[in-house]
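Since the structure comes first, as C-alpha cells, the remarks are kept for the end.
Chain letters run A, B, ... following the sequence lines, proteins first, then strands; residues in each count from 1. Keep in mind it's a predicted model, so treat the numbers as computed, not measured.
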Amino acid sequence: MKARIPSLIAGRLLIALFTMVVVSFTVFAATAILPGDVVEILLGQAATPEAVAGLRTAMHLDEPALVRFGHWLAGLATGDLGTSYANHLPIAQLIGGRLVSSLKLAGLTALFSVPIALTLGITAAAMRGSIYDRTVSMLTIGVISVPEFMVATSAVLIFAVWLKWLPALSIARDVSTFGELLKIYAMPIMTLSFVISAQMIRMTRAAVIEALQSPYVEMAILKGASPARVVLRHALPNAIGPIVNAVALSLSYLLGGVIIVETIFNYPGIAKLMVDAVATRDLPLIQTCAMIFCLVYLLLTTTADILAILANPRLR
Amino acid sequence: MATIVEIRDLEVEATTDAGRRVEIIRKVGFTIEDDEIVALIGESGSGKSTIALTLMGYTRPGCRISGGSVTVGGKDMVRLSERERQAIRGTDVAYVPQSAAAAFNPASTIMDQVIEVTRIHGLMSDAEARIRAVELFRALSLPEPDTIGDRYPHQVSGGQLQRLSAAMALIGGPKLMIFDEPTTALDVTTQIEVLRAFKAVMKRGGMAGVYVSHDLAVVAQIADRIVVLKAGEIQEIGTTAAILERPQHPYTRELLAAFAPNRAVPATTEAAVHPHPLLELSGVIAGYGRVMSDGMPAVPVVRDVTLSLAAGRNLGIIGESGCGKSTLARVIAGIVPRARGHILFDGKELAADAGARSRDELRKLQIVFQSADTALNPMKSVDEILGRPITFYHGIGGAERQARVDRLLDMVHLPRSLRHRRATELSGGQKQRVNLARALAAEPRLILCDEITSALDTVVAAAIIDLLKELQRELGVSYLFISHDLNTVRAICDEVAVMYKGEKIEQAAPDQLGGPDSHPYSRLLYASVPKLDPTWLDSLDRDPELVKAFGGR
C-alpha cells in the first residue's frame, strides 16, 4: 500500500518528462515550417545568393532538420539556450529579466486571486441556491464572457484617464515604496484576476457541491455539525483534487496567455518577447519561449496531480 | 416508562424539479416509549426514512415539514431553530445510516469521525472520547478494538463499518437511536452479527429506538412495535406479535404474503419430461485484469465451475457479494470471455467471446440485468427498446413489428399504451418488465436472470417471479436465476447451485439445501436467512467454527 504513492508520483514525473520531449519536437517542427527565411530577412532584399548561402552555413541552417533538432535539444539540456538571430545576444540574457517580470506578475496575481476565488467558490457552494450564490454565478459568467482586452482598456479608461488614480503603463522601474508597487501592478493584476478567477470559482463551487451531496455530509449534519464545520471539515477535503487542478490550469494561463494584458499595459513580460520574436523570425527565441511556457504548464499540472494523489486517503 | 417521542399530524412536502409541491407524508402520528424499539416498515417511497429523519428535525434537500409536530424529549423539533436542533443531533438523538460505507468520510480516520460528536458538542476530552470509543468497539464485538479506529473507512469491511457507525451514534449517549435500514446492504451471514450487536447494545443502554426497514423478518427480531407505512400514510400500528400473527390491514397481509412466496411447481413442459442438457459448463475459469503468460486472468473470479441445466428447467445460483455469481452469468453470455473450460449450449460449443458467436446463438441465450435503470437506454421509448431486438434477430419491421411489440407487452402484463413512454417514465417494476420483455423479444431458449428482483420491493418482486413462472409455462424457456436471496431462488428453481469465492461448492434441490447432508457453507447460509419468528435471532445457534471459516467479513 505504502509503496504506491512514490511509484505513482514517479509515474507522473516520467509522463511530464516524456510530454516535454514530445512538445520540444513539436515546437521545433512548427518553427521549422514557419513561412519566411531568416537569412533573407537578416540580409535584406539586396543580398547576393552567395551571402545568403554563406550565412546559412554559418548558422547551421543547411544541416538536416533532425540534426539541428538534436543540437538544439542537447543545448537545452546543458543550459545553452542558443543565440538570438535578430540581435546576436544569448537567449538566456534576453529572457532572464523578462521571465522574472512575468513570474512576478503571475505570482502576485495568484496570491491575490486564488484565495478570493476559493472563498467565493466555497461560500457559493455552501449557500447554494441563495441570492448570494446566484449573484456570484452571474458575475463569474459575466466575467468569463468579457474579453480581457475589454477589461484592460476599460480599466485604463476608468482608473488612469478619468480618475487618474493609477498609471496607465506598468513599467516597474522606479518603485521605491509598497504603495507605488501596488499602483503599478493594480491594473494588470485586476485584469488577469478577472480572467482566471471565473474558472476557479466555478470549478470550486461544482466540486464542493458534489461533495456536499454525499451521504457522509448528511451524516455530519445529523451528528450536529455546524454548516461551517460540514463544509470545511467534511466536504472540502474531498473536493481538493478537482480544485487544485482547476487552480493549476488557471495559473498556467498567467505565463503564456497574457500577451494582451502585457501589450496594453506595456509590461515587459515574456509573452510580449515571444510575439516580438515571431515578428523578427527569431527562431531560437521563439523555441525557448515556447519551451518555457510548456515547462511552467507541466510544472503546474504535475504539481496538481501530485497534490491530488497525496490528498487521496485511499492511496495513503 | 415515559413517552419520549410523540409525532402528531406530521406532514412533509417535497418540491419536484418542475417546482410542483407534493405531499409525501400525510397526517402521520405515533408515540415511542423511552425503552422500546419501534419499527417503521414499508416499501421504497413509503416515507419511512423521511419520518425517521424528522425526529432530528432534518429533511432531505427539497423537502420540508409542512405541518404537525415532532416532540422528542419534550421539545418540538419542528419549531426549534436550526442551532437548537444542532445541539440535539448526535447527543439526544443519534442516527445509524443505511450505507455506512458511504456515510463515513473517506478523507479522515474512523476514530476521528467516531469521536467527532464529542468534539462538536464539547462532551468530553479527546482522550476520554477515545477510551469510550474503544469500549463501544468492544461492546459491538469489532475485531482489534484498540487499533481499528486508526484505519480509514476503505480499509475495513462493510459489516464492520456498519457497527462502527453504531459506535459513532452511541458515543454521544443518545436517548433515542434511529436505525435507517442498517443491514440492507449487508450479506445475510454478516447481517446476523450486526443485528446481534445492535440488539445487545440497545438492551444494555435502555434506549428508545426507531428501526427503519423494508424487511419484516429483520424487524421481527429487534422491534417491540411495528408501524406499517404505505405512500406516506400509516396503514397499521401494533405490537410485533400482533402484526405478524393477526395482521388487520390488507396491505400488511400483502407484505406478509409476499414474504413467503409460492414454492416452485415442477415444470411439466414437454422438455421437462425428457430432460436433455441445454447448458453445460465444464471447468470454466474466468476473471478480470491482465492476462498472465499461462492465459489465466490476474484476478480469477470464477474458478473451475462445472454445472449443467436441463431444458425446460431452472437453475438457481446463490452466493454472497463477491462470490462470482454475476461474473459467471457474464461469462456464459460471452461478455466476459472465459480463460479456460467449455460451455456447451444445446450440445454445441459456444465461443468464449459474444462477438464470435452466431446471431442465432446470441438469440437463443439472453441476459436480463439487475438494474433496469441502467440497462435500458433512457433516451429510447419502450417501442424502440422492444422493437430493436425484433428487427435484429428476426428481420421483422413495419406492422408485424408493431404487433409483436404489443404481444410482448401483453406477455409481461404491461398496458399497450406504455409503448410510447420512455424508460425513465416507468416505475421500478414496470422497467424490470420491459427489461424482461426485451430478452423475450429474441425468443430465447435460456434467459440468464442476474439479480433481477434485488432492487424491487417484496410485493413487486413476488409479482415478477409469478410472471417468470407463467412465461415458462407458456413459452417453455429455461432460467438461470442468479440471486443472493435464498427465498427468491427457492420460489422458482428446480435446482440450486451454491457459489463461494468463485467456486461452485454444491448443487442440490432447494429442499435439500441447508440440510444435514449439505455443504457446511450452504448450511451456514441457509441458517442465516432471517425468519418471521421473533425469537429466531435469539435462539439461533450457529456453529462458531462455521462462522469463523466462512462468515469472515
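Of the two parts of A:I221, the backbone and the side chain both hold a non-hydrogen atom closer than 4.5 Å to a non-hydrogen atom of chain B. Interface remark: B:R85 contributes no atoms to any contact with chain A (heavy atom separation under 4.5 Å). In this structure, chain A has no heavy atom under 4.5 Å from any part of B:A94. Only the backbone of B:F104 comes within less than 4.5 Å of a heavy atom in chain A; its side chain stays farther off.
Around atom CD of A:E210, no more than 12 heavy atoms belonging to other residues, nucleotides or ligands sit under 6.0 Å away. Atom OH of A:Y132 sits in a crowded spot, with more than 12 heavy atoms from other residues, nucleotides or ligands closer than 6.0 Å. Within 6.0 Å of CG in A:L14 there are more than 12 heavy atoms belonging to other residues, nucleotides or ligands. Atom CE of B:M207 sits in a crowded spot, with more than 12 heavy atoms from other residues, nucleotides or ligands closer than 6.0 Å. Within a 6.0 Å sphere centred on CZ of A:F28, other residues, nucleotides and ligands contribute more than 12 heavy atoms. Applying the 6.0 Å contact sphere to CZ of A:F69 captures more than 12 heavy atoms from other residues, nucleotides or ligands.
When the candidates B:R60, B:E82, B:Q86 are compared by the number of heavy-atom contacts under 4.5 Å with chain A, B:Q86 comes out ahead. Among the candidates A:M219, A:E218, A:K223, the residue making the largest number of heavy-atom pairs closer than 4.5 Å to chain B is A:K223.
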Exercise for review: Under the side chain to side chain contact (heavy atoms under 4.5 Å, CB included) rule, what do B:L53 and A:L222 come out as? Steps first, then yes or no, please.
Suggested key: CA-CA 9 Å; B:L53 287 170; A:L222 294 177; 3.6 Å; yes
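Taking the charged nitrogens against the carboxylate oxygens, A:R233 and B:E116 have no contact shorter than 4.0 Å, which rules out a salt bridge.
A donor and an acceptor atom, one from each side chain of A:Y216 and B:Q113, are nowhere located under 3.5 Å apart.
B:A107 and A:N238 make their closest contact through CB-OD1, 3.6 Å (heavy atoms, listed as atom of the first residue, atom of the second, distance).
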